[in-house]
Amino acid sequence: MEGVTIVSHPLVQHKLTLLRRKDTSTKSFRELLKEIGMLLCYEVTRDLPLADVEIETPLAKMKSPAISGKKLVFAPVLRAGVTFADGMLDLVPTARVAHIGLYREPETFVAVEYFFKAPSDLHERLVIVISPVLATANLSVAAVDRLKERGANDIRVVSLIASPEGVERMRGIHPDVPIWLAAIDEGLDENAYILPGLGDAGDRAYGTR
(Lines give C-alpha, C1' and ligand atoms only; values in the text may rest on other atoms or scores of the structure.)
Protein backbone atom coordinates (compact mmCIF):
# COMPACT_ATOMS: atom_id res chain seq x y z
CA MET A 1 0.00 0.00 0.00
CA GLU A 2 1.33 3.43 -0.95
CA GLY A 3 2.68 5.38 1.99
CA VAL A 4 2.86 2.30 4.26
CA THR A 5 6.10 0.50 5.14
CA ILE A 6 6.01 -2.93 6.81
CA VAL A 7 9.25 -3.59 8.66
CA SER A 8 9.93 -7.30 8.17
CA HIS A 9 13.32 -7.46 9.87
CA PRO A 10 13.62 -10.80 11.74
CA LEU A 11 14.37 -9.14 15.08
CA VAL A 12 11.28 -6.93 14.80
CA GLN A 13 9.06 -9.87 13.88
CA HIS A 14 10.48 -12.09 16.64
CA LYS A 15 10.01 -9.46 19.33
CA LEU A 16 6.50 -8.72 18.09
CA THR A 17 5.63 -12.39 18.50
CA LEU A 18 6.85 -12.26 22.10
CA LEU A 19 4.78 -9.11 22.70
CA ARG A 20 1.64 -10.78 21.38
CA ARG A 21 1.84 -13.75 23.76
CA LYS A 22 -0.73 -13.39 26.51
CA ASP A 23 1.64 -14.79 29.15
CA THR A 24 4.32 -12.14 28.52
CA SER A 25 4.85 -10.31 31.82
CA THR A 26 4.34 -6.57 32.29
CA LYS A 27 8.09 -6.13 32.77
CA SER A 28 8.91 -8.07 29.61
CA PHE A 29 6.20 -6.26 27.64
CA ARG A 30 7.72 -2.87 28.49
CA GLU A 31 11.23 -4.08 27.65
CA LEU A 32 10.11 -5.51 24.31
CA LEU A 33 8.14 -2.38 23.47
CA LYS A 34 11.24 -0.29 24.07
CA GLU A 35 13.45 -2.66 22.04
CA ILE A 36 11.09 -2.67 19.05
CA GLY A 37 10.88 1.11 19.27
CA MET A 38 14.64 1.26 18.85
CA LEU A 39 14.58 -1.10 15.88
CA LEU A 40 11.76 0.76 14.13
CA CYS A 41 13.59 4.02 14.71
CA TYR A 42 16.31 2.79 12.33
CA GLU A 43 13.72 2.40 9.60
CA VAL A 44 11.70 5.58 10.05
CA THR A 45 14.89 7.71 10.13
CA ARG A 46 16.64 5.92 7.28
CA ASP A 47 16.43 8.93 4.93
CA LEU A 48 17.43 11.72 7.33
CA PRO A 49 19.62 14.30 5.55
CA LEU A 50 23.37 14.28 6.15
CA ALA A 51 26.02 16.95 5.77
CA ASP A 52 29.77 16.64 6.05
CA VAL A 53 31.34 18.21 9.14
CA GLU A 54 34.99 18.63 9.95
CA ILE A 55 36.25 16.60 12.88
CA GLU A 56 39.57 15.45 14.22
CA THR A 57 40.28 11.81 14.98
CA PRO A 58 43.20 10.82 17.22
CA LEU A 59 45.27 10.66 14.02
CA ALA A 60 44.04 13.24 11.56
CA LYS A 61 41.47 15.82 10.55
CA MET A 62 38.71 14.67 8.23
CA LYS A 63 35.25 15.41 6.94
CA SER A 64 32.57 12.99 8.07
CA PRO A 65 28.76 12.86 7.67
CA ALA A 66 26.44 14.01 10.46
CA ILE A 67 22.67 14.51 10.60
CA SER A 68 21.82 17.99 9.41
CA GLY A 69 18.92 20.30 10.12
CA LYS A 70 16.75 20.76 13.20
CA LYS A 71 16.50 18.02 15.80
CA LEU A 72 13.66 15.50 15.54
CA VAL A 73 10.49 15.60 17.58
CA PHE A 74 9.16 12.32 18.95
CA ALA A 75 5.45 12.62 19.72
CA PRO A 76 4.26 9.61 21.76
CA VAL A 77 0.54 9.16 22.29
CA LEU A 78 0.08 8.50 26.00
CA ARG A 79 0.27 6.01 27.66
CA ALA A 80 2.06 3.13 25.94
CA GLY A 81 3.58 5.43 23.35
CA VAL A 82 5.97 6.72 26.02
CA THR A 83 7.70 3.36 26.52
CA PHE A 84 7.73 2.86 22.75
CA ALA A 85 9.43 6.25 22.37
CA ASP A 86 12.03 5.46 25.04
CA GLY A 87 13.77 3.06 22.67
CA MET A 88 13.91 5.75 20.00
CA LEU A 89 15.29 8.26 22.49
CA ASP A 90 18.11 5.84 23.28
CA LEU A 91 19.16 6.19 19.64
CA VAL A 92 18.42 9.92 19.28
CA PRO A 93 18.86 11.34 22.79
CA THR A 94 18.92 14.94 21.53
CA ALA A 95 15.41 14.69 20.05
CA ARG A 96 12.66 16.92 21.39
CA VAL A 97 9.56 15.23 22.82
CA ALA A 98 5.93 16.25 22.38
CA HIS A 99 3.43 14.55 24.69
CA ILE A 100 -0.08 13.93 23.38
CA GLY A 101 -2.64 12.69 25.89
CA LEU A 102 -5.56 10.96 24.17
CA TYR A 103 -7.92 8.19 25.17
CA ARG A 104 -10.59 6.32 23.29
CA GLU A 105 -14.12 6.86 24.57
CA PRO A 106 -15.25 3.27 25.28
CA GLU A 107 -18.65 3.39 23.61
CA THR A 108 -18.17 5.67 20.61
CA PHE A 109 -14.39 5.09 20.19
CA VAL A 110 -14.00 8.84 19.64
CA ALA A 111 -10.61 10.29 20.61
CA VAL A 112 -10.72 12.51 23.70
CA GLU A 113 -7.77 14.82 24.34
CA TYR A 114 -6.64 15.53 27.90
CA PHE A 115 -3.08 16.81 27.45
CA PHE A 116 -0.91 18.35 24.74
CA LYS A 117 2.59 19.80 25.07
CA ALA A 118 4.97 20.30 22.16
CA PRO A 119 7.92 22.43 21.03
CA SER A 120 6.87 25.78 19.58
CA ASP A 121 8.75 25.37 16.29
CA LEU A 122 7.11 22.19 14.97
CA HIS A 123 7.00 23.70 11.49
CA GLU A 124 10.80 23.47 11.33
CA ARG A 125 11.12 19.85 12.45
CA LEU A 126 10.34 16.29 11.42
CA VAL A 127 7.71 15.01 13.85
CA ILE A 128 7.34 11.28 14.44
CA VAL A 129 4.02 10.26 16.02
CA ILE A 130 4.48 7.12 18.13
CA SER A 131 1.41 5.00 18.88
CA PRO A 132 1.78 1.25 19.43
CA VAL A 133 -1.57 0.30 17.88
CA LEU A 134 -3.44 1.68 14.86
CA ALA A 135 -6.89 0.15 15.36
CA THR A 136 -9.68 2.57 14.38
CA ALA A 137 -6.89 5.15 13.87
CA ASN A 138 -8.98 7.71 15.77
CA LEU A 139 -6.17 8.47 18.22
CA SER A 140 -3.47 8.77 15.56
CA VAL A 141 -5.70 10.90 13.33
CA ALA A 142 -6.44 13.19 16.29
CA ALA A 143 -2.73 13.40 17.16
CA VAL A 144 -1.80 14.38 13.60
CA ASP A 145 -4.70 16.86 13.47
CA ARG A 146 -3.44 18.56 16.62
CA LEU A 147 0.18 18.66 15.44
CA LYS A 148 -0.82 20.18 12.10
CA GLU A 149 -2.85 22.81 13.94
CA ARG A 150 0.36 23.72 15.76
CA GLY A 151 2.26 24.08 12.49
CA ALA A 152 3.83 20.67 11.86
CA ASN A 153 4.10 19.90 8.16
CA ASP A 154 6.54 16.97 8.08
CA ILE A 155 4.94 14.13 10.05
CA ARG A 156 5.43 10.37 10.14
CA VAL A 157 3.51 7.75 12.13
CA VAL A 158 5.09 4.67 13.70
CA SER A 159 2.99 1.81 15.13
CA LEU A 160 3.53 -1.82 16.01
CA ILE A 161 0.40 -3.23 14.46
CA ALA A 162 -2.59 -1.92 12.54
CA SER A 163 -5.94 -3.05 11.25
CA PRO A 164 -6.70 -2.66 7.53
CA GLU A 165 -9.51 -0.29 8.55
CA GLY A 166 -7.13 1.84 10.59
CA VAL A 167 -4.59 2.11 7.80
CA GLU A 168 -7.29 3.03 5.29
CA ARG A 169 -8.71 5.70 7.58
CA MET A 170 -5.31 7.20 8.38
CA ARG A 171 -4.27 7.30 4.73
CA GLY A 172 -7.64 8.68 3.69
CA ILE A 173 -7.58 11.59 6.12
CA HIS A 174 -3.84 12.30 6.10
CA PRO A 175 -2.46 10.98 2.79
CA ASP A 176 0.66 13.12 3.26
CA VAL A 177 1.66 11.24 6.43
CA PRO A 178 3.59 7.99 5.80
CA ILE A 179 3.18 5.05 8.18
CA TRP A 180 5.70 2.50 9.46
CA LEU A 181 4.38 -0.78 10.93
CA ALA A 182 5.59 -4.19 12.03
CA ALA A 183 2.35 -5.89 10.89
CA ILE A 184 -1.15 -5.39 9.53
CA ASP A 185 -3.56 -7.78 11.24
CA GLU A 186 -6.90 -9.27 10.18
CA GLY A 187 -9.34 -6.63 11.40
CA LEU A 188 -11.30 -5.29 14.38
CA ASP A 189 -13.62 -7.02 16.84
CA GLU A 190 -16.90 -5.55 18.16
CA ASN A 191 -14.95 -3.52 20.75
CA ALA A 192 -12.62 -2.10 18.07
CA TYR A 193 -9.63 -4.12 19.26
CA ILE A 194 -7.30 -5.50 16.61
CA LEU A 195 -7.54 -9.25 15.93
CA PRO A 196 -5.42 -11.24 16.62
CA GLY A 197 -3.63 -8.19 17.99
CA LEU A 198 -1.83 -7.95 21.31
CA GLY A 199 -4.52 -6.60 23.64
CA ASP A 200 -4.51 -3.14 25.19
CA ALA A 201 -0.90 -1.96 24.93
CA GLY A 202 -1.26 0.56 27.76
CA ASP A 203 -2.76 -1.95 30.18
CA ARG A 204 -0.18 -4.56 29.31
CA ALA A 205 2.73 -2.13 29.62
CA TYR A 206 1.69 -0.76 33.00
CA GLY A 207 -0.28 -3.59 34.60
CA THR A 208 -3.64 -1.75 34.66
CA ARG A 209 -7.15 -2.79 33.68
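Here the structure is a predicted model, which means the values were calculated and not measured.
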Validation row: Leu39, Lys15 side chains within 4.5 angstrom (heavy atoms)
yes
List the steps and the verdict of side-chain contact (heavy atoms from CB on, under 4.5 Å) for Trp180 and Ile128.
CA-CA 10 Å; Trp180 277 258; Ile128 299 175; over 6 Å; no
I want to check something: taking the side chain as every heavy atom from C-beta on, are Ile179 and Met170 in contact at a cut-off of under 4.5 Å?
yes
Would you confirm whether Ser159, through its side chain, and Ala162, through its main-chain N or O, come within 3.5 Å as a donor-acceptor pair?
no
Residue pair Arg104, Asn138: steps toward the side-chain contact (heavy atoms from CB on, under 4.5 Å) verdict
CA-CA 8 Å; Arg104 188 174 69 171; Asn138 288 346; 5.5 Å; no
Spatial distance of atom CD1 (Ile155) from atom NE2 (His174) [nearest 0.5 Å]:
7.5 Å
Of all the heavy-atom pairs spanning Gly197 and Arg20, show the shortest one and how long it is.
O-NH1, 3.0 Å
Note: Pro164 and Asp185 closest approach over all heavy atoms is CD-O, 3.2 Å
Mind running side-chain contact (heavy atoms from CB on, under 4.5 Å) on Lys148 and Asn153 for me, showing each step along the way?
CA-CA 6 Å; Lys148 285 185 174 181; Asn153 52 43; over 6 Å; no
Side-chain contact test, heavy atoms from C-beta onward, threshold under 4.5 Å: evaluate it for Val92 versus Cys41 and give yes or no.
yes
Find out if a path of hydrophobic residues (ILVMFWY) with successive side-chain heavy-atom gaps under 4.5 Å connects Leu32 to Met38.
yes
ILVMFWY network linking Val167 to Tyr193, side-chain heavy atoms under 4.5 angstrom
no
May I ask you to say whether Arg156 pairs ionically with Asp47, meaning some side-chain N is under 4.0 Å from a carboxylate O?
yes
On a heavy-atom basis, the closest approach of Val97 and His99 is CG1-CE1, 3.5 Å
Distance col, row Glu168:CD vs Glu165:CD, nearest 0.5 angstrom, shows 8.0 Å
Would a single hydrophobic cluster contain both Val158 and Ile161, if residues Ile, Leu, Val, Met, Phe, Trp and Tyr are joined by side-chain heavy-atom contacts under 4.5 Å?
yes
Are Ile36 and Leu89 in one and the same hydrophobic cluster, where Ile, Leu, Val, Met, Phe, Trp and Tyr link if side-chain heavy atoms are under 4.5 Å apart?
yes
Just how far is it from atom OG of Ser131 to atom CG of Leu139, taken to the nearest 0.5 Å?
6.0 Å
Co-membership, hydrophobic cluster, residues Val12 and Ile6, 4.5 Å side-chain:
no
Could you state the interatomic distance from CD (Gln13) to NE2 (His9), rounded to the nearest 0.5 Å?
10.5 Å
In terms of heavy-atom contacts, Thr24 and Leu18 come closest through OG1-O, 2.5 Å
Under the side chain to side chain contact (heavy atoms under 4.5 Å, CB included) test against Leu160, which residue among Leu19, Ile130, Val133 passes?
Leu19
Taking atom types as modelled, is there a side-chain donor on His123 or Asp154 under 3.5 Å from an acceptor on the other?
no
So, do Ile55 and Met62 sit near enough that their side-chain heavy atoms are less than 4.5 Å apart?
yes
Answer yes when Glu124 and Lys70 have at least one side-chain N-carboxylate O distance shorter than 4.0 Å, and no when they do not.
yes
Check whether more than 12 heavy atoms from other residues, nucleotides or ligands sit under 6.0 Å from atom CD1 of Ile67, and answer yes or no.
no
Within-4.5 Å side-chain heavy-atom neighbours: Leu48 and Leu72:
yes
Please report the closest heavy-atom contact between Asp121 and Arg125, naming both atoms and the distance.
OD1-NE, 2.9 Å
Per the side chain to side chain contact (heavy atoms under 4.5 Å, CB included) rule, which among Leu147, Val177, Val144 passes with Val127?
Leu147
Is the shortest side-chain N to carboxylate O distance from Lys61 to Glu56 below 4.0 Å?
no
Answer yes when Arg46 and Glu43 have at least one side-chain N-carboxylate O distance shorter than 4.0 Å, and no when they do not.
yes
Are any of the side-chain heavy atoms of Leu33 and Arg204 separated by less than 4.5 Å?
no
CG of Leu122 to CZ of Arg146, rounded to nearest 0.5 Å, is 10.0 Å
Do Val4 and Arg171 make a side-chain contact, defined as non-hydrogen atoms from C-beta onward lying under 4.5 Å apart?
yes
So Leu91 and Tyr42, side-chain contact (heavy atoms from CB on, under 4.5 Å) or not? Walk me through it.
CA-CA 9 Å; Leu91 283 184; Tyr42 280 109; 3.8 Å; yes
Just checking, is any N or O donor in the side chain of Arg79 or Thr208 under 3.5 Å from an acceptor N or O on the other one?
yes
Is Leu40 close to Phe84 at the side-chain level, that is, under 4.5 Å between some pair of heavy atoms?
yes
Minimum heavy-atom separation for Ala192 to Thr136, with atom names?
CB-CG2, 3.7 Å
Spacing of Leu126 atom CG and Phe74 atom CZ [to the nearest 0.5 Å]
8.5 Å
Other than Tyr206, which residues form its hydrophobic cluster under the rule that side-chain heavy atoms must be closer than 4.5 Å?
Leu78, Val82, Tyr103, Val112, Tyr114, Phe115
